[in-house]
Amino acid sequence: MPASLENGDTPLGLAGRAVAVLQETDPAQKAALASAMAADWKAGRIAAIGQGNPPERPGRPREPELKRPGEVRKRKINRGTTGRIALLHALAHIELNAIDLACDIIARFTAEDLPRAFYDDWLLVAEEEAKHYLLLAQRLEQLGGHYGALPAHDGLWQASEETAHDLLARLAVVPLVLEARGLDVTPAMIAKLQTAEDHESAAVLTVIYEDEIGHVAIGKRWFDHLCERRGLDPRESWQDLVRRHFRGQLKPPFNEAARDTAGLPADFYARLESA
C-alpha cells in the first residue's frame with residue numbers, strides 16, 4: 001500500500017488517486033485503493049481535484065483470459081456449482097471494470113469544471129463497485145472458485161474507449177445503457193439463484209441491484225446537468241449519442257419500475273428500442 005495511505009497524508013489530488021486505482025493490477029488491492037480514496041475524500045484528507053493522466057487501459061492481472069463477448073461460454077444456473085460459479089465470475093469481472101470506469105470518469109474529465117457534488121457521486125459509485133467486487137470474489141471462493149479462473153470479455157472497457165473524448169457520451173453509454181441493462185437482467189438472476197437454493201449468492205446480487213439503481217440515477221443526474229449547461233435536449237442528445245457510440249442494441253424487456261426509480265423514463269429509451 002502506498003505510504004500516503006499508511007500515514008493518512010494524501011499528497012496526490014483526487015484525480016491522481018483515481019489514476020493510482022486504475023493502474024493497480026491486483027483486483028483486491030484495486031478495490032481497497034478505491035475504498036480508501038472514497039474514505040479519504042469524505043474525511044477531507046484529499047484537498048484538491050488536481051489533474052490526472054488516466055491510462056488507455058487499466059491495470060489487470062494475468063488472468064482471466066479476455067475473449068470476445070460471443071466467445072465466452074454461458075452456463076445454466078442450477079443447484080450444481082459450475083453454472084453459479086460462471087455467473088458470479090462474469091459479474092465479478094463486470095464489477096472490477098466498474099471500479100475502473102468510475103475512477104476513469106473522476107480522472108479523465110477534470111477540464112469540465114465540475115462541482116464537488118459530481119466527485120462526491122462518482123466516489124460513491126467507485127466505493128460501491130469495490131464492495132460489489134469483493135462480495136462476489138468472496139462468494140466465488142466459498143463455492144470453490146476464484147476470480148481469474150474463467151475467461152471473460154472486454155466489452156465494458158471498449159465502451160470506455162469509445163467515449164473517452166466526451167463526458168456527455170460517457171454518461172450516455174456507461175450508466176444509462178450498460179448499468180441500466182443490469183437493472184433489467186439482475187432480478188431474473190436473483191430468482192434463478194433462489195430457485196437453486198443459493199440464497200447467499202442471491203443476497204449478494206440483491207445488494208448490487210439496489211446500489212445500481214442509484215448509479216443509474218447518478219448518471220442521469222449528471223447527464224441532465226451537462227445537457228442544461230450545453231443547451232441540449234436530454235432525450236434527443238442521449239438517443240443521438242447512443243446511436244453513435246454504443247455498438248450493441250437496446251434489448252427488451254426493460255425493468256421499467258427500476259428505471260423509473262432511477263429517473264430514466266420509458267419515453268427516454270423506447271424510441272431507440274423500437275428502431
Side-chain angles (χ1 to χ4, degrees), residues 18-19 21-23 27 30 34 52 54-60 64-72 74 89-109 112 118 121-122 125-126 128-130 132-133 136 151-186 208 211-224 226-227 234-235 237-252 254-255 259 262 264 268-269 272-273 275:
V19 169
V21 178
L22 285 160
Q23 292 172 331
K30 185 185 290 285
E56 291 185 7
R57 294 189 60 80
R60 286 286 181 269
E65 177 188 4
L66 296 180
K67 295 185 175 182
R68 294 179 180 178
E71 296 175 341
V72 178
K74 296 182 179 180
H89 189 280
L91 295 175
H93 184 68
I94 289 170
E95 297 299 333
L96 186 67
N97 274 274
I99 298 171
D100 285 322
L101 287 166
C103 290
D104 189 83
I105 207 170
I106 290 167
R108 186 172 298 277
F109 301 105
E112 286 279 352
F118 175 88
D121 278 350
W122 290 103
V125 173
E128 291 182 344
E129 305 294 18
H132 299 167
Y133 171 78
L136 289 162
H153 70 77
D154 203 31
L156 276 175
W157 198 254
Q158 289 173 0
S160 171
E161 293 170 336
E162 177 70 23
T163 58
H165 65 290
D166 181 16
L167 175 58
L168 196 65
R170 174 68 59 85
L171 292 168
V173 172
V174 174
L176 300 186
V177 174
L178 299 177
E179 290 205 73
R181 179 62 178 163
L183 303 185
D184 302 333
V185 300
T186 304
I208 294 171
D211 287 346
E212 297 293 348
I213 293 174
H215 298 179
V216 175
I218 286 170
K220 181 63 161 55
R221 178 160 58 251
W222 291 107
F223 184 84
D224 289 349
L226 279 185
C227 283
R235 189 193 316 173
S237 297
W238 182 77
Q239 292 177 355
D240 176 61
L241 288 164
V242 171
R243 288 189 184 98
R244 285 192 282 139
H245 299 295
F246 180 59
R247 300 180 185 180
Q249 294 180 326
L250 271 65
K251 299 178 182 178
F254 301 112
N255 184 346
R259 285 168 172 253
L264 193 62
F268 210 76
Y269 52 84
L272 271 185
E273 181 270 326

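Bear in mind the structure is a predicted one, so any value in this text is a computation, not a measurement.
- Every residue two or more places apart in sequence or in another chain that forms a salt bridge (Lys or Arg N to Asp or Glu O under 4.0 Å) with Glu161 is listed here: Arg57.
- Considering every non-hydrogen atom in both Ala169 and Thr163, the closest pair reads O-CG2, 3.6 Å.
- A heavy-atom distance below 4.5 Å is found between the side chains of His245 and His165.
- At a threshold of 4.5 Å between non-hydrogen side-chain atoms, the residues Leu66 and His93 count as touching.
- Rounding to the nearest 0.5 Å places CG of Leu136 at 11.0 Å from CG of Leu96.
- The side-chain heavy atoms of Glu212 and Glu129, taken from C-beta on, include a pair separated by under 4.5 Å.
- The distance from atom CG of Leu171 to atom CG of Leu241, rounded to the nearest 0.5 Å, is 9.5 Å.
- Remark: Gln23 engages no residue in a side-chain hydrogen bond (donor to acceptor under 3.5 Å, both in side chains) (not counting sequence neighbours).
- The two residues Pro175 and Trp122 come nearest to each other via the heavy atoms CG-CH2, 4.2 Å.
- Qualifying side chain to side chain contact (heavy atoms under 4.5 Å, CB included) partners for Arg221, counting only residues two or more places apart in sequence or in other chains: Asp121, Ile218.
- Side chains of Ile208 and Glu95 form a contact here, defined as non-hydrogen atoms less than 4.5 Å apart.
- With a 4.5 Å cut-off on side-chain heavy atoms, Leu168 and Glu112 do not count as touching.
- When side chains are defined from C-beta on, Trp222 does not count as touching Leu167, because their heavy atoms never get closer than 4.5 Å.
- Within the 4.5 Å cutoff, the side chain of Trp157 has heavy atoms near those of the Leu101 side chain.
- Here the side chains of Asp224 and Trp238 are not in contact, with every heavy-atom distance at 4.5 Å or above.
- Listed for the Gln239 side chain is a donor-acceptor partner under 3.5 Å among the backbone atoms of Phe268.
- A pairwise comparison of heavy atoms in Tyr133 and Pro27 identifies OH-CB, 3.2 Å as the closest pair.
- Atoms CG and OH, from Leu250 and Tyr269 in turn, are 9.5 Å apart once rounded to the nearest 0.5 Å.
- Nearest heavy-atom pair across Lys30 and Gly59 is NZ-O, 3.4 Å.
- Taking CZ from Phe254 and CG from Leu183, the interatomic distance works out to 11.5 Å, rounded to the nearest 0.5 Å.
- Qualifying side-chain hydrogen bond (donor to acceptor under 3.5 Å, both in side chains) partners for Ser160, counting only residues two or more places apart in sequence or in other chains: Arg170.
- The distance from the CZ atom of Arg60 to the CG atom of Leu22 is 8.5 Å, given to the nearest 0.5 Å.
- Asp100 and Pro58 get closest at one heavy-atom pair: OD2-CB, 3.3 Å.
- Here Asp184 pairs with Arg181, Arg259 under the salt bridge (Lys or Arg N to Asp or Glu O under 4.0 Å) rule; sequence neighbours left out.
- Taking all atoms of both residues into account, the shortest heavy-atom contact from Val177 to Ala172 is CG2-O, 3.4 Å.
- For Glu128, the side-chain hydrogen bond (donor to acceptor under 3.5 Å, both in side chains) criterion is met by His215, not counting sequence neighbours.
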